[in-house]
Amino acid sequence: MLDFLLLCLATASISAAVPLNPPLQAVLQSPINTAPAPSPLTAYDTLFQQIRESESPRTFVGVLFESSSSLDMPMQYFEFPLGERISPLEFPMLPLHPAHARIVNATMRKGSRKKLLSAERLLNVICLAYRKVGGGGEDDEHATGLPLSTAEARPIWWLVKDDEVDFEDPLGRWSLAGREVESYECI
């Protein structure tokens with residue numbers, strides 16, 4: 001124990017005698033900035049900033065997602081601009097592996113004003129989920145372990161009257177067949 005204390009005292013006296021690099025010394029002696037760093041705007045924030053500044057009204061479709069993947073949020077609400085294809089890579093809050101989805105509402109926005117659209121207008125909305133596919137053929141089959149059929153290459157679509165759609169049912173109409181979602185769109 002005594003040897004350890006002597007070693008500590010010797011190291012402290014040597015390090016005190018060795019001058020620090022001036023830039024490093026300035027950094028070590030400067031006060032610590034405890035203010036949080038400003039968060040960068042996400043693509044979602046940027047999109048809505050453009051919409052707020054726009055003079056023309058835009059329609060949005062609200063979709064509620066449930067996910068069983070540990071990589072995604074368990075439940076997420078997202079508003080899709082009508083007629084725009086949106087990628088989960090651009091908007092990380094969108095699930096790559098959704099378990100279920102439900103169209104819940106449609107709104108009209110002009111600037112900061114928001115108006116809920118009628119149920120009749122909502123009945124005409126179709127939402128699509130495009131499955132992620134490779135170059136096709138063996139490369140895609142090898143990457144997922146599943147053969148790519150013509151039906152799987154088409155997007156999955158659903159309506160408000162379908163209520164909650166199940167993307168995980170392998171025999172269901174809305175099955176993702178084990179693939180990630182490349183993009184979403186509501187039309």
Discussion item. Rounded at 0.5 Å granularity, tell me how far NZ in Lys114 sits from CE in Met108.
Written reply: 13.0 Å
Worksheet item: Is there a side-chain contact between Glu168 and Leu176, using heavy atoms and a 4.5 Å cut-off?
Response: no
Practice prompt. Mark yes or no for whether Arg131, through its side chain, and Ile156, through its backbone, hold a donor-acceptor pair below 3.5 Å.
Written response: no
Worksheet item: Going from OH on Tyr130 to CZ on Arg85, what distance comes out if it is rounded to the nearest 0.5 angstrom?
Response: 4.5 Å
Worksheet item: Are Cys186 and Val63 close enough that some pair of their side-chain heavy atoms sits under 4.5 Å apart?
Response: yes
Discussion item. Same cluster or not: Leu123 versus Val165, using hydrophobic residues (I, L, V, M, F, W, Y) connected whenever any side-chain heavy atoms lie under 4.5 Å apart?
Written reply: yes
Worksheet entry | Spatial distance of atom CG (Leu82) from atom CD (Glu185) [nearest 0.5 Å] | 8.5 Å
Worksheet item: Going through the distances and angles, do Arg102 and Phe65 end up as a side chain to side chain contact (heavy atoms under 4.5 Å, CB included)?
Response: CA-CA 7 Å; Arg102 174 184 298 180; Phe65 290 101; over 6 Å; no
Discussion item. Applying ring pair (Phe, Tyr, Trp, His ring centres under 6.0 Å), can you list everything that pairs with Phe80, at least two apart in sequence or on another chain?
Written reply: Phe78, Tyr184
Practice prompt. Output the distance between atom OG (Ser67) and atom CG (Leu94), rounded to the nearest 0.5 Å.
Written response: 11.0 Å
Discussion item. What I'd like to find out is whether the side chain of Met75 reaches to under 4.5 Å of the side chain of Leu64, using heavy atoms alone.
Written reply: yes
Discussion item. Could you check whether any side-chain heavy atom of Arg109 comes within less than 4.5 Å of a side-chain heavy atom of Glu79, counting everything from C-beta outward?
Written reply: yes
Fill in: Check: Ile86 and Pro81 side chains under 4.5 Å, non-hydrogen atoms
yes
Fill in: Heavy-atom side-chain contact between Trp158 and Ile126 under 4.5 Å
no
Worksheet item: Are any of the side-chain heavy atoms of Leu96 and Val181 separated by less than 4.5 Å?
Response: no
Worksheet item: According to the ring pair (Phe, Tyr, Trp, His ring centres under 6.0 Å) rule, which pairs have a member within residues 99-129, sequence neighbours left out?
Response: none
Response to the item:
CD (Glu90) and OG (Ser183) are apart, to the nearest 0.5 Å, by 9.0 Å
Item to complete: Could you check Cys127 against Val61 for side chain to side chain contact (heavy atoms under 4.5 Å, CB included), going step by step and ending with a plain yes or no?
Response: CA-CA 9 Å; Cys127 288; Val61 178; 4.0 Å; yes
Fill in: Derivation and outcome, salt bridge (charged side-chain N to carboxylate O under 4.0 Å, His left out), residues Asp162 and Arg173
CA-CA 11 Å; Asp162 293 322; Arg173 176 170 106 65; 3.6 Å; yes
Discussion item. So that I can tick it off, tell me whether Glu180 and Lys132 are bridged by a salt bridge, with the cut-off set at under 4.0 angstrom between side-chain N and carboxylate O.
Written reply: yes
Practice prompt. State the CD1-OG1 distance between Ile187 and Thr59, to the nearest 0.5 angstrom.
Written response: 13.5 Å
Discussion item. Can you tell me if Arg121 has over 12 outside heavy atoms packed within less than 6.0 Å of its CZ?
Written reply: no
Discussion item. Main chain of Trp157, side chain of Trp174: is a donor-acceptor contact present, judged purely on distance under 3.5 Å?
Written reply: yes
Worksheet item: Quick one: are Val125 and Leu159 in side-chain contact, heavy atoms under 4.5 Å?
Response: no
